[in-house]
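Each chain gets a letter, A, B and so on, in the order its sequence line appears, and its residues count up from 1.
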Amino acid sequence: MSDAPLVLGIESTCDETGVALVRGLDLLADVTASSMDDHARFGGIVPEVASRAHLEAFGPTLEAALEQAQVRLEDVDAVAVAAGPGLSGSLAVGVASAKALALGLGVPLHGVNHVIGHVAVDALVHGPFPETFLGLVVSGGHSSLLRVNDIATDVTELGQTLDDAAGEAFDKVGRLLGLPYPGGPHVDRAAADGDPAAFAFPRGLSRPKDLQRHPYDFSFSGLKTAVARVVEGFEDRGEQVPVADVAASFSEAVADVLVTKTLRACEINEIGTVVVGGGFSANSRLRSLAADRFADAGIELRIPPIRYCTDNGAMIAALGSAVVRAGLEASPMDFTIDSQMPLTQVVMGATESAA
Amino acid sequence: MSMDDHSAPNVVDLPDAEATRALGERLAVLLQPGDLVVLVGDLGAGKTTLTQGIGAGLGVRGQVASPTFIIARAHPSLGEGPDLVHVDAYRLGSLEEVDALDLDSSLEDSVTVVEWGEGLVEHLSEDWLEVRLERPRGGEGAADTRTAALLGHGPRWAGIALPS
């Protein structure tokens, strides 16, 4: 792969600034800067703080990535950038930087889909993808099942969450349980000491009637409310909330419904491989339950290591590299960001996906 | 309470999620471009469900889901009506101007529905429709029942008959 094009990937959809360099399927460098601490100081996300942080972080992050990869900027053969979905102001910084670099270097620019990048990154870890597979992307903003025939040209969205994303439900339950932000890792840690069967929390859209209407969709809002009411019940009785048991039972419900519906989608579509990505795929119960049940079902499960599940430049460089390999045209230089980029659209511009 | 507040809120009983969605559809009939709707209520009170009904009533594109992560999501109209801008201030530190959200749709041409916006967004407009959603607390009451208290603020809502 040493003569494959060198692709620079830029990620700036939320509060991580990521720059990575990929040659073929080889990851040469992956550097991430986060503005999470700045937001914690403000007690929440401030879109303008995120944009400014990207602006300040971009130069040093790019320098560090080039240094790590031991390449010069002039060696770059193509630039890929996350064009959406995400926060508009944050996306704008990455896209403007990418355009400037591509124009300055005289190389093609590819605006790519951040969510599909969460799936694409796994090829850097576990090698080329099979002909058709399912992608399960679970994060703070997404819970989507994708059918991937070709990561660069043919992705369709089978289903998504109808209300809250899985990671979002974790953040909100974390707040209910009095755990620090972001809730995901804290609830996960608290769950380790709890009984997953202590509370029978609902599995959204899992009744026969719902499965018929929404075979591939998820719903975590009813679960979140059920947890809220259990917590309130303890508070109203003046009893201590059994944080570990609530966290464990809640985590079990989320993992169970994600794994069960994904397995069912594999059966219906006769698909033998699932790639899981997105920040929530760091969740330990999701990982262990998926490993057990996919093995029982004889379906291949691919989940990249945790550092590639969260937002990073590697996922964008990986998808950019796939787009370059597929021979797609560059995105036009005047493409604009799309904060709600549909998950069937892999790239910006004339070369839209076959979906 | 200012002079422009219109008496007591109209309280609507909502026996299940479908009723919450149906109330959203009834509200959509009243909503015009430029309107601001502020949704108040705890986690799980039905704010997103009500917004799904408003979206269905307005006839807009895309799945109306929780916008917590991306903070705001614009749903273009599929017909002649206004677009829906669905904002979630849950993760926002402050909101000086809606412009800071950098939305694609212009607010003058859209219906803007804000979750978790109480005390943050009322200064953005002299008129707004407040919808206060409540669900049973703890183990009391059926899982799906809600109540909605509707109250118009400002001249825009004077004399408008809200659902009851």
Side-chain angles (χ1 to χ4, degrees), chain A residues 13-14 39 41-49 51 84-92 139-143 160-165 167-169 171-173 175-176 181-182 202 217 219-237 336-340 342, chain B residues 16-17 20-21 41-52 55 61-76 85-105 115-116 120 133 135-146:
Chain A
T13 54
C14 190
H39 297 297
R41 239 180 328 148
F42 285 90
I45 290 271
V46 185
E48 286 163 328
V49 170
S51 314
L87 297 173
S88 304
S90 295
L91 286 166
S139 67
H142 296 277
S143 301
Q160 61 177 326
T161 180
L162 300 185
D163 37 58
D164 295 353
E168 175 184 349
D171 284 346
K172 288 181 172 169
V173 164
R175 197 185 270 206
L176 282 171
Y181 180 89
D217 292 322
S219 167
F220 298 108
S221 174
L223 170 60
K224 168 193 74 186
T225 308
V227 172
R229 295 187 61 175
V230 162
V231 170
E232 289 165 2
F234 281 100
E235 288 169 351
D236 291 353
R237 292 191 297 275
T336 54
I337 60 154
D338 184 352
S339 64
Q340 298 163 233
Chain B
D16 54 27
T20 304
R21 239 171 246 121
D42 288 341
L43 280 175
K47 298 181 294 299
T48 299
T49 305
L50 185 81
T51 312
Q52 287 172 346
R61 197 179 75 194
Q63 172 69 38
V64 176
S66 167
T68 301
F69 188 74
I70 74 162
I71 296 168
R73 195 179 283 124
H75 297 275
V85 174
H86 186 191
V87 182
D88 190 328
Y90 186 80
R91 299 204 309 158
L92 283 179
S94 66
L95 192 57
E96 296 292 316
E97 300 165 57
V98 169
D99 286 355
L101 296 176
D102 227 349
L103 298 167
D104 301 333
S105 304
E115 300 191 22
W116 299 103
L120 273 179
L133 287 155
R135 61 169 167 80
R137 232 188 106 80
E140 303 298 312
D144 291 342
T145 61
R146 302 286 187 274

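A:Q340 places a side-chain N or O within donor-acceptor distance of the main-chain N or O of B:A74, the cut-off being under 3.5 Å.
In terms of heavy atoms, A:L162 sits closest to B:Q63 at O-NE2, 3.3 Å. Shortest non-hydrogen contact noted between B:G44 and A:T225 is CA-OG1, 3.1 Å. Across all non-hydrogen atoms, the minimal contact from A:K172 to B:S66 is NZ-OG, 3.9 Å. When all heavy atoms of B:P136 and A:E232 are compared, the pair lying nearest together is O-OE1, 4.4 Å. Residues A:K224 and B:L43 share a closest heavy-atom pair of CD-CD2, 4.0 Å.
If you measure heavy-atom distances from A:S221 to chain B, you find no contacts under 4.5 Å at all.
Residues B:I71 and A:L87 form a side-chain contact, since some pair of their non-hydrogen atoms from C-beta on lies under 4.5 Å apart.
The choice from A:G141, A:G233, A:P85 that makes the most heavy-atom pairs within less than 4.5 Å of chain B is A:G141. For chain A, the option among B:V64, B:T68, B:T48 with the highest count of heavy-atom pairs below 4.5 Å is B:T68.
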